[in-house]
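Read through the structure below, which is laid out as structure tokens, and then see the notes.
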Amino acid sequence: PLEMSAKKPVPFLRQVVPVRKKVQRDPRFDDLSGEYKPEIFMKTYSFLDSIKKQEKEMVQKQLKKCRNMEQKEKLQRLLNRMTQQEQAQKKQQKLRERELSLKRQQRELAKQGKKPFFLKKSEKRKLELAEKYAELKRSGKLESFLNKKRKRNAIKDKRLLPSQKNL
């Protein structure tokens, strides 16, 4: 340590040895962590799916046994959230697979010497909608879906119409 003069009062917080400040870093935005690739992420953490499935089954068992209404409501909300997360993950996976298949097709066309053609966002949306309708038709829920859609549109149209009071 450095020697201080006896005539001066020693400062309360004296720096004897300079301490290096810890640098905190966020792995989401740091280059050291590498680039995020969803395919690799899903492969690496695929074991979590089985754990989530077990937890969901456990919650379902608890829900059946539970008698307390408050606890039952909490468990029901938890179960709903788990199923919604599962559905969202499946939807994301389908979307990723669709994009990968389109990329593969483009690569094949490029190998054949043709110019690559990239779909616009609106065209992708149309393809997605057509796929959704085909899925609904297969499952037999198309009519109910269209009825709900019609009702929603009717309510929107009704709201846009001038009311009787204003006339």
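In what follows, every heavy atom counts, from backbone to side chain, and hydrogens, waters and symmetry copies are set aside.
- Connectivity analysis of hydrophobic side chains (ILVMFWY, heavy atoms under 4.5 Å, direct or indirect) links Phe145 to Leu129, Tyr133, Leu136, Leu142, Leu146.
- Residues meeting the salt bridge (Lys or Arg N to Asp or Glu O under 4.0 Å) test with Arg28, sequence neighbours left out: Asp26.
- In this structure, CZ on Arg77 lies 14.5 Å from CE on Met82, to the nearest 0.5 angstrom.
- When the salt bridge (Lys or Arg N to Asp or Glu O under 4.0 Å) test is applied to Glu99, no partner is found at least two apart in sequence or on another chain.
- A distance of 10.5 Å separates CD in Glu143 from NZ in Lys137, rounded to the nearest 0.5 Å.
- With rounding to the nearest 0.5 Å, the separation of NZ in Lys158 from CG in Leu160 is 13.0 Å.
- In this structure, the side chains of Asp49 and Gln89 come closer than 4.5 Å at one or more pairs of heavy atoms.
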Residues 55-67 side chain polar contacts: donor-acceptor under 3.5 Å, at least two apart:
none

Q. Can Lys111 and Glu108 be said to form a side-chain contact (heavy atoms from CB on, under 4.5 Å), step by step?
A. CA-CA 5 Å; Lys111 281 181 183 176; Glu108 288 297 318; 4.3 Å; yes

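- Heavy-atom minimum distance, Thr44 versus Ile40: OG1-O, 2.6 Å.
- Residue pairs meeting the ring-ring contact (aromatic ring centres under 6.0 Å, His included) criterion with at least one member in residues 70-101: none, sequence neighbours excluded.
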Q: Test Leu127 against Arg98 for side-chain contact (heavy atoms from CB on, under 4.5 Å), laying out the working first.
A: CA-CA 10 Å; Leu127 283 173; Arg98 192 181 308 120; 5.6 Å; no

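- Remark: Lys90 pairs with Glu86 by the side-chain contact (heavy atoms from CB on, under 4.5 Å) rule, at least two apart or across chains.
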Q. Please walk me through it: do Asn153 and Arg150 pass side-chain hydrogen bond (donor to acceptor under 3.5 Å, both in side chains)?
A. CA-CA 5 Å; Asn153 287 339; Arg150 278 189 209 106; over 6 Å; no

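- Partners of Glu123 by side-chain contact (heavy atoms from CB on, under 4.5 Å), not counting sequence neighbours, listed by chain and number: Phe117, Leu119, Lys120.
- With rounding to the nearest 0.5 angstrom, the CG atom of Leu109 is 7.5 Å from the CD atom of Gln105.
- Remark: Arg125 pairs with no residue by the salt bridge (Lys or Arg N to Asp or Glu O under 4.0 Å) rule, at least two apart or across chains.
- Residue-environment remark: CD (Glu39) exceeds the threshold of 12 foreign heavy atoms within 6.0 Å.
- Taking NZ of Lys94 as the reference point, atom CD of Glu128 lies at 10.5 Å (rounded to 0.5 Å).
- The number of heavy-atom neighbours closer than 6.0 Å to CG of Asn147, taken from other residues, nucleotides and ligands shown, is above 12.
- Under the ring-ring contact (aromatic ring centres under 6.0 Å, His included) criterion, Phe41 pairs with Tyr36, Tyr45, not counting sequence neighbours.
- Listed by chain and residue number, Met42, Arg96, Glu97 satisfy the side-chain contact (heavy atoms from CB on, under 4.5 Å) test with Gln93 (two or more places apart in sequence, or in another chain).
- Considering only residues two or more places apart in sequence or on other chains, Arg138 meets the salt bridge (Lys or Arg N to Asp or Glu O under 4.0 Å) condition with Glu135.
- Grouped by direct or indirect side-chain proximity (heavy atoms under 4.5 Å, Ile/Leu/Val/Met/Phe/Trp/Tyr only), Leu32 sits alone.
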